[in-house]
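Contents: one structure, followed by commentary.
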Amino acid sequence: MLDINLVRTQPELVRQALINRSADTAVVDAVQALDIRRREILTQSEQLRAQRNSASREIGKMKDAAARETRIAGMREVGDRIAVLEAELKQVDLQLDEQAMSIPNMPDARTPVGLSEDENVILRNEGSVHRFDFIPKPHWELGPYLGIIDFERGVKLSGTRFYVLNGLGARLQRALIAWMLDLHAGQGYHEAYLPFMVKQQTLYAAGQLPKFKDNLYHDVEEDFWMVPTAEVPLTNLHGGEILAMNALPLHYCAYTPCFRREKMKAGSDVRGIKRGHQFDKVEMYKLCAPEQSDEELESMREDAEAVCRGLGLAYRVKLLCTSDIGFSARMTYDIEVWAPGCDEWLEVSSVSNCGDFQARRANIRFRREPGAKPEFVHTLNGSGLALPRTMIAIMENYQQADGSIMVPEVLQRFVGANVIRK
RNA sequence: GGAGAGAUGCCAGAGUGGUUGAAUGGGACGGUCUCGAAAACCGUUGUGGGGAUUUUUCCUCACCGUGAGUUCGAAUCUCACUCUCUCCGCCA
């Protein structure tokens, strides 16, 4: 949620930000009009209330019954007028909220303006791409060959885009989760185990609703929504709280499965485990004071890169342009690892600074010193990393001519093997 | 799932339908006293919206779990919901 004051005082700035995001600007006019009407109603109804409050106080002290009755009758009418105004206010508030909630965050000045993902900027390539003296196979061939990925049975259980991991395949994923969490703990992140189902309000606060309703799974009988990312519960962990300055920055990491109803084009990304309705992810999350968030973003990107480096994967860092950053983000780095079998770069992490956008929705504040006015914190999130794509990169980069897969050194003690072979 | 109890400020805990934003106690902060500290005493101690003034303040409205209702007036009365606790049942 943007500061309504920004829309009020600098609507042009907001409009330009929406244009840069390739989004419709009509919402700005709607918010402006509703905001003006809201304040009109407020002024009127508050005047009436003040009048009623003082009259009621006097009525309480009146002794003369007849005069008292006259006064009460007069106030009855004032009460009716208030009721009418309140009813309209409720409507206006509702609409204003809905409109204001649908405005995405203002991009940071450093986020390049661009009309599509083609205008994202590749900042760096890190690590050397592994050269093979044979043609590397894609993971959707290696997995079934080694018996560690079973696509058929996944489909049997749950339909297309589901799979089963077997034996060392399942173990490799578990090893990655454990290793990543340990790594992040060493980087100063506090590990949390979170609910995988949350209530609707929690999704609004994180910026997933109302815009991405179509991409979420939820129970129709109860107010339970499956988390699309650990970012959602992590954003709300301190919702409604006022934190002490010396508690900041807060660094969290968490492993959760993620559930996404993806409206995918038939035929796109269908092969393998790159994109599914359910996947695992280790997430990093930070809450900090506004002046800290630029620096925290860089260190979080660094922490995500450390995962790729630890696994010995070649990767590149992208700075997303205005049209490609997420709804809640003001600036985002993507980290992509090279997958020689699929022959493409895979996005394994997205590291974003959301500024006070989520904090405003979730009402997360802090006090610089006891007694000081509460201010909104800044929030940041980043994957560290998405599991299936990391699995793909490991399988395809560490494959050998005979179809076996070497286990990256850091994972060996978790997997309990140096190599996965048939 | 069944039965009961409860939800008030940072915490504990009062609150006859009418100056109750809310007694009292504790904590925290400031001050007096002291060489210093403790004790004692005095004072301060919420959030959000709107308006005026503009960098200092003032006025006003809302908020006592949430949402409706009754009333001239609700922390206080009515209803629904949520959550917490205790007991019973069930369960990994």
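The structure presented is a predicted model; accordingly, all values stated were derived computationally and were not measured. Protein chains get the first letters and strands the later ones, always in sequence-line order, with residue 1 at the start of each.
Here the CD1 atom belonging to A:Ile149 is positioned 11.0 Å from the CH2 atom belonging to A:Trp140, to the nearest 0.5 angstrom. For the atom pair OH of A:Tyr217 and CE of A:Met197, the computed distance is 15.5 Å after rounding to the nearest 0.5 Å. A distance of 9.5 Å separates CG in A:Leu248 from CD in A:Glu296, rounded to the nearest 0.5 Å.
Ion pairing between a basic and an acidic side chain is recognised when a charged N comes within 4.0 Å of a carboxylate O; A:Arg37 and A:Glu88 show such pairing.
Counting only Watson-Crick or G-U wobble pairs whose defining distances are both under 3.5 Å, the stems of 3 or more consecutive pairs in RNA chain B are B:1-7 with B:82-88, B:10-12 with B:24-26, B:27-32 with B:40-45, B:46-52 with B:57-63, B:65-69 with B:77-81.
Among pairs with a residue in residues 11-25 of chain A, those fulfilling salt bridge (Lys or Arg N to Asp or Glu O under 4.0 Å) read A:Glu12-A:Arg15, A:Arg15-A:Asp29, at least two apart in sequence or across chains.
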Exercise answer: donor-acceptor pairs, residues 374-386 of chain A side-chain atoms, under 3.5 Å, sequence neighbours excluded:
{"unit_1": "A:Glu375", "atom_1": "OE1", "unit_2": "A:Arg368", "atom_2": "NH2", "d": "3.2"}
{"unit_1": "A:Glu375", "atom_1": "OE2", "unit_2": "A:Arg368", "atom_2": "NE", "d": "2.6"}
{"unit_1": "A:His378", "atom_1": "ND1", "unit_2": "A:Ser293", "atom_2": "OG", "d": "2.9"}
{"unit_1": "A:Thr379", "atom_1": "OG1", "unit_2": "A:Gln358", "atom_2": "OE1", "d": "2.7"}
{"unit_1": "A:Asn381", "atom_1": "ND2", "unit_2": "A:Glu231", "atom_2": "OE2", "d": "3.4"}
{"unit_1": "A:Ser383", "atom_1": "OG", "unit_2": "A:Ser350", "atom_2": "N", "d": "3.2"}

Solution key, residues 167-176 of chain A side-chain donor-acceptor pairs under 3.5 Å, sequence neighbours excluded:
{"unit_1": "A:Arg171", "atom_1": "NE", "unit_2": "A:Val415", "atom_2": "O", "d": "3.0"}
{"unit_1": "A:Gln173", "atom_1": "NE2", "unit_2": "A:Asp280", "atom_2": "OD2", "d": "3.3"}

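For A:Arg309, the CZ atom sits in a packed shell: over 12 heavy atoms of surrounding residues, nucleotides or ligands are nearer than 6.0 Å. The local environment of CD in A:Glu98 is sparse, with at most 12 non-hydrogen atoms from other residues, nucleotides or ligands closer than 6.0 Å.
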- Reading 5' to 3' through nucleotides 68-73 of chain B, protein heavy-atom contacts under 4.0 Å coded B for base, S for sugar-phosphate only, - for none: S---BS
- A correct 5'-to-3' footprint of nucleotides 43-51 of chain B, with B, S and - meaning base, sugar-phosphate only and no protein heavy atom under 4.0 Å, is ----SSBSS
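If you measure from atom NZ of A:Lys199 to atom C1' of B:rC81, you get 13 Å, rounded to the nearest angstrom. In this entry the distance linking CG of A:Asp93 with P of B:rA62 reads 15 Å, nearest Å. The nearest whole Å value for the distance from the CZ atom in A:Arg81 to the P atom in B:rC61 is 16 Å. What separates CZ of A:Arg49 from C1' of B:rC59 is a distance of 17 Å, to the nearest Å.
Rounded to the nearest Å, the gap between the P atom of B:rG4 and that of B:rC10 is 33 Å. One P atom belongs to B:rA28, the other to B:rU86, and the distance between them is 30 Å to the nearest Å. Between B:rC83 and B:rU71, the two C1' atoms lie 29 Å apart (nearest whole Å). Separation of the P atoms belonging to B:rA22 and B:rU34 is 36 Å when rounded to the nearest angstrom. The gap from the P atom of B:rU24 to that of B:rU44 amounts to 12 Å, rounded to the nearest Å. B:rC81 and B:rG73 have their P atoms separated by 27 Å, with the value rounded to a whole Å. Annotation: B:rU66 and B:rG30 have their C1' atoms spaced 38 Å apart (nearest Å). Remark: the separation of the C1' atoms in B:rG1 and B:rC77 is 32 Å, to the nearest Å.
A side chain to side chain contact (heavy atoms under 4.5 Å, CB included) with A:Thr111 is found for one member of A:Leu320, A:Asn20, A:Ile325 and no other, namely A:Ile325.
Side-chain atoms of A:His139 come within 3.5 Å of backbone atoms of A:Ile273 as a donor-acceptor pair (strictly under, hydrogens ignored).
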- Checking ring pair (Phe, Tyr, Trp, His ring centres under 6.0 Å) for the pair A:His218/A:Phe259: CA distance, chi angles, key distance, verdict? CA-CA 10 Å; A:His218 65 102; A:Phe259 304 95; over 10 Å; no
